[in-house]
Protein chains: 2
Amino acid sequence: MARTVLSTAELRMPVVAAAAVQEFARGGYHGTTIADVARAAKISPAYVIKLYPRKEQLFVAALEACFDQVVEALAAGADRAQDTSPDGVLYTMGAAYAELIGDRTLLMLQVHAQSVADVPEIGTALRAGLREVVDFAKSRSGGSDEAVQRFIAYGQLCHLVVTAQIDEVPEAWARLLTEGIRHPA
Amino acid sequence: MARTVLSTAELRMPVVAAAAVQEFARGGYHGTTIADVARAAKISPAYVIKLYPRKEQLFVAALEACFDQVVEALAAGADRAQDTSPDGVLYTMGAAYAELIGDRTLLMLQVHAQSVADVPEIGTALRAGLREVVDFAKSRSGGSDEAVQRFIAYGQLCHLVVTAQIDEVPEAWARLLTEGIRHPA
DNA sequence: ACCCTGAGTGAGTGACCCTTCACTCTCTCT
DNA sequence: AGAGAGAGTGAAGGGTCACTCACTCAGGGT
């Protein structure tokens with residue numbers, strides 16, 4: 001007979017993944033311990049390892065949860081677009097993304113993932129996430145390749161601004177970089 | 001009497017910094033040990049620490065050496081420009097940058113620096129390096145703020161492509177991202 | 001009543017890493 | 001010749017971390 005209810009392990013894994021998003025976003029892959037994630041998930045380190053036997057698997061689970069939220073936010077943003085031209089949809093998706101990463105968590109996790117993309121499983125997960133984002137942006141907006149590429153490029157600029165905390169620098173070079181990428185609410 | 005010759009320590013420090021560039025670029029801040037850098041510089045770990053008493057200082061030295069090379073390459077590129085219009089100069093600087101980061105080293109180090117920019121000294125050094133790059137690109141090209149911002153944004157896209165090794169993916173979404181950012185030789 | 005499966009943990013292990021410290025050796029200046 | 005400064009190192013300490021293992025406990029089927 002097929003199981004009709006999820007085991008508690010299957011229920012607990014996404015909770016642990018959510019905790020991993022928070023912790024890895026804070027400390028990065030090498031700067032975060034399994035004990036950190038376990039504490040955030042309120043279980044023992046040993047049980048985290050039982051759910052995700054290797055640290056990379058834990059990071060990959062966090063990264064997948066991160067990209068799920070990103071695509072979901074882009075979709076919600078696109079649905080809100082008044083101007084349904086490709087550029088209009090892309091602009092609204094950009095605004096939705098800017099709002100999503102207001103707390104830095106999901107953005108930092110992506111940057112940390114870039115930093116350790118040499119770990120095979122993490123590189124694969126990163127490319128899978130990017131593929132989802134790019135494919136969605138392209139198909140949902142109907143924009144040209146160039147427009148979608150520009151969308152991603154300015155998203156990466158946004159990552160730089162946030163990681164280096166350039167938006168708190170009042171000098172000219174910093175304002176040049178941040179100009180226009182803060183979307184109006 | 002003023003010293004007329006550099007002490008060997010003063011001569012050795014840039015050598016250690018160069019080794020630190022290589023090693024930190026490979027493993028990132030937390031993934032690289034002082035022993036790794038010491039081995040690459042062919043000295044003992046204890047002496048690395050005598051030259052750079054804290055690990056962050058070693059990383060900062062590497063990052064400064066990295067940005068020095070970047071600005072130097074941009075300058076050399078700009079000098080080679082045939083088309084001396086702002087966009088022409090920026091294009092040639094982009095080509096020079098693309099050539100410089102062909103071996104991934106300097107690019108990876110910048111991404112790792114973004115990842116640990118929360119460490120105060122590293123964040124400060126990262127902003128200082130970016131400031132140099134932006135100020136130089138702006139003043140040397142004479143381009144508009146928007147043109148310089150676009151120059152940096154597509155540079156960041158380039159970082160993403162290289163870190164995630166997207167240029168080795170033959171699918172449509174990947175070609176969309178990489179299209180046109182590989183400058184002709 | 002009995003067993004068995006799976007959730008969950010405490011305690012440990014082997015490895016590694018940053019940093020310190022006492023030490024040696026080689027110049028240079030007097 | 002002697003002293004002193006600075007280059008450079010070996011060894012060790014104190015701490016941390018990923019991962020293992022043997023274990024307890026609760027619930028459900030028979």
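Excluded from the calculations below are hydrogen atoms, water molecules and symmetry mates; all remaining heavy atoms, backbone and side chain alike, are included. Residue numbering restarts at 1 for every chain, and letters A, B, ... go by the order of the sequence lines.
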### Query
In residues 42-62 of chain B, which ones come under 4.0 Å of DNA chain D, going by heavy atoms?
B/Ile43, B/Ser44, B/Ala46, B/Tyr47, B/Lys50
### Query
What's the shortest heavy-atom distance between B/Leu177 and B/Leu157, and which atoms?
O-CD2, 3.7 Å
#### Entry: Nearest non-hydrogen partners of B/Ala117 and B/Leu126, listed with the distance
CB-CD2, 4.0 Å
#### Entry: Close residues, residues 12-34 of chain A, relative to DNA chain D [heavy-atom separation under 4.0 Å]
A/Thr32, A/Thr33, A/Ile34
### Summary
Heavy-atom nearest pair, A/Pro53 first then A/Gln57, reads CD-OE1, 3.0 Å
#### Entry: Ionic contact status for A/Lys138 with A/Asp145, cut-off 4.0 Å
yes
### Query
Can a salt bridge be assigned to the pair A/Arg140 and A/Asp135 using a cut-off of 4.0 Å between side-chain N and carboxylate O?
no
### Task
Determine the minimum heavy-atom distance between B/Val162 and B/Arg104, stating which atoms define it.
O-NH1, 3.3 Å
### Task
Check the surroundings of atom CD in A/Glu72: do more than 12 heavy atoms from other residues, nucleotides or ligands lie under 6.0 Å from it?
no
